[in-house]
Amino acid sequence: MKLFDFELAPNPRRVRMYLAEKGLQIPSVQINLRQGEQFHVAFKDENPSMIVPALALDDGTLITETMAICRYLEALHPTPPLFGSTPKEQAIVEMWSRRAELEGFMAVAEALRNSVERFKDRALPGPRNYAQIPALVERGKARAAGFLEDLEAGLAGKTWLAGEFFSVADITAYVVVEFAGWVEVQPADHQQNIERWRAAMAARPSASA
Ligand SMILES: N[C@@H](CCC(=O)N[C@@H](CS)C(=O)NCC(=O)O)C(=O)O
């Protein structure tokens, strides 16, 4: 197994945090996105989607998408469960994972990739080029701030996002909150649930992964 990774990118960090929580180690290869290594022919040949993270299995299968990689590893290493245990827990984890990705992660990425010069004509990752749409910058920031409001409400009265157990939803939401700082969207002072949860996340050894 081989993990295509980039230490500065948020999605691969989600996989690294997941691995740290599981106590798993997988050999990895750094693809330096800032130096355009995702466009190198050798990488494209192995991973036509040109994104990280990606997990190459020994039989030649390539798994892209952070959650697909984590689910594969979860099936191989079910303990400790990071996708919930009961049907209800699993549904709540899925709900928050999807909300964190669709409403949080995508919003921040929209604001970032439509504003920063190095993403000119690369407003979306992957094998196709898309021009930036400047009007999406402010909308992305507003959506990211909206996600923080929902996160604050979602954490009320709970230790972790899905309840009293730690899950991949916490990992994704935590990386979203950190990533939001890249576009200067921060939790507000009154968002005390986020502050408490963020401190608890930062104290976990996986936060430095
Ligand atoms: N939906 C994918 C998104 C992966 C993604 O966007 N990866 C970024 C790094 S965080 C990337 O590879 N970017 C390549 C580029 O910007 O060309 C996932 O969840 O893994």
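One-based numbering, in listed order, for ligands and for the atoms of each. Side chains included, hydrogens not; waters and symmetry mates left out as well; all remaining heavy atoms used. Because the structure is predicted, anything quoted here is derived from the model rather than measured.
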Check: Do W182 and V116 belong together in a cluster built from hydrophobic side chains that touch within less than 4.5 Å?
Finding: yes

Check: Which word best sums up how the rings of F179 and F105 line up, parallel for under 30°, tilted for 30 to 60°, or perpendicular for over 60°?
Finding: tilted

Next item on the list: For the residue pair N193 and E152, confirm or rule out a side-chain donor-acceptor distance under 3.5 Å.
Entry: yes

Margin query: Counting only heavy atoms not in R98 (residues, nucleotides, ligands), do more than 12 fall under 6.0 Å from its CZ?
Written below: no

Check: Is the count of non-hydrogen atoms from other residues, nucleotides or ligands lying under 6.0 Å from D189 atom CG greater than 12?
Finding: no

Notebook entry, point to check: Does the pair E7/R16 count as a salt bridge with the N-to-O cut at 4.0 Å?
Noted result: no

For ligand 1, output the ligand-protein N/O contacts shorter than 3.5 angstrom; if there are none, return none.
residue, atom, partner, partner atom, Å
ligand 1, 1 (N), E65, OE1, 2.7
ligand 1, 1 (N), E65, OE2, 3.3
ligand 1, 7 (N), V52, O, 2.7
ligand 1, 12 (O), V52, N, 2.9
ligand 1, 12 (O), V52, O, 3.4
ligand 1, 16 (O), R113, NH1, 2.9
ligand 1, 16 (O), R113, NH2, 2.9
ligand 1, 17 (O), Q38, NE2, 2.8
ligand 1, 17 (O), R122, NH2, 2.8
ligand 1, 19 (O), E65, OE1, 3.3
ligand 1, 19 (O), T66, OG1, 3.4
ligand 1, 20 (O), T66, N, 2.9
ligand 1, 20 (O), T66, OG1, 2.8

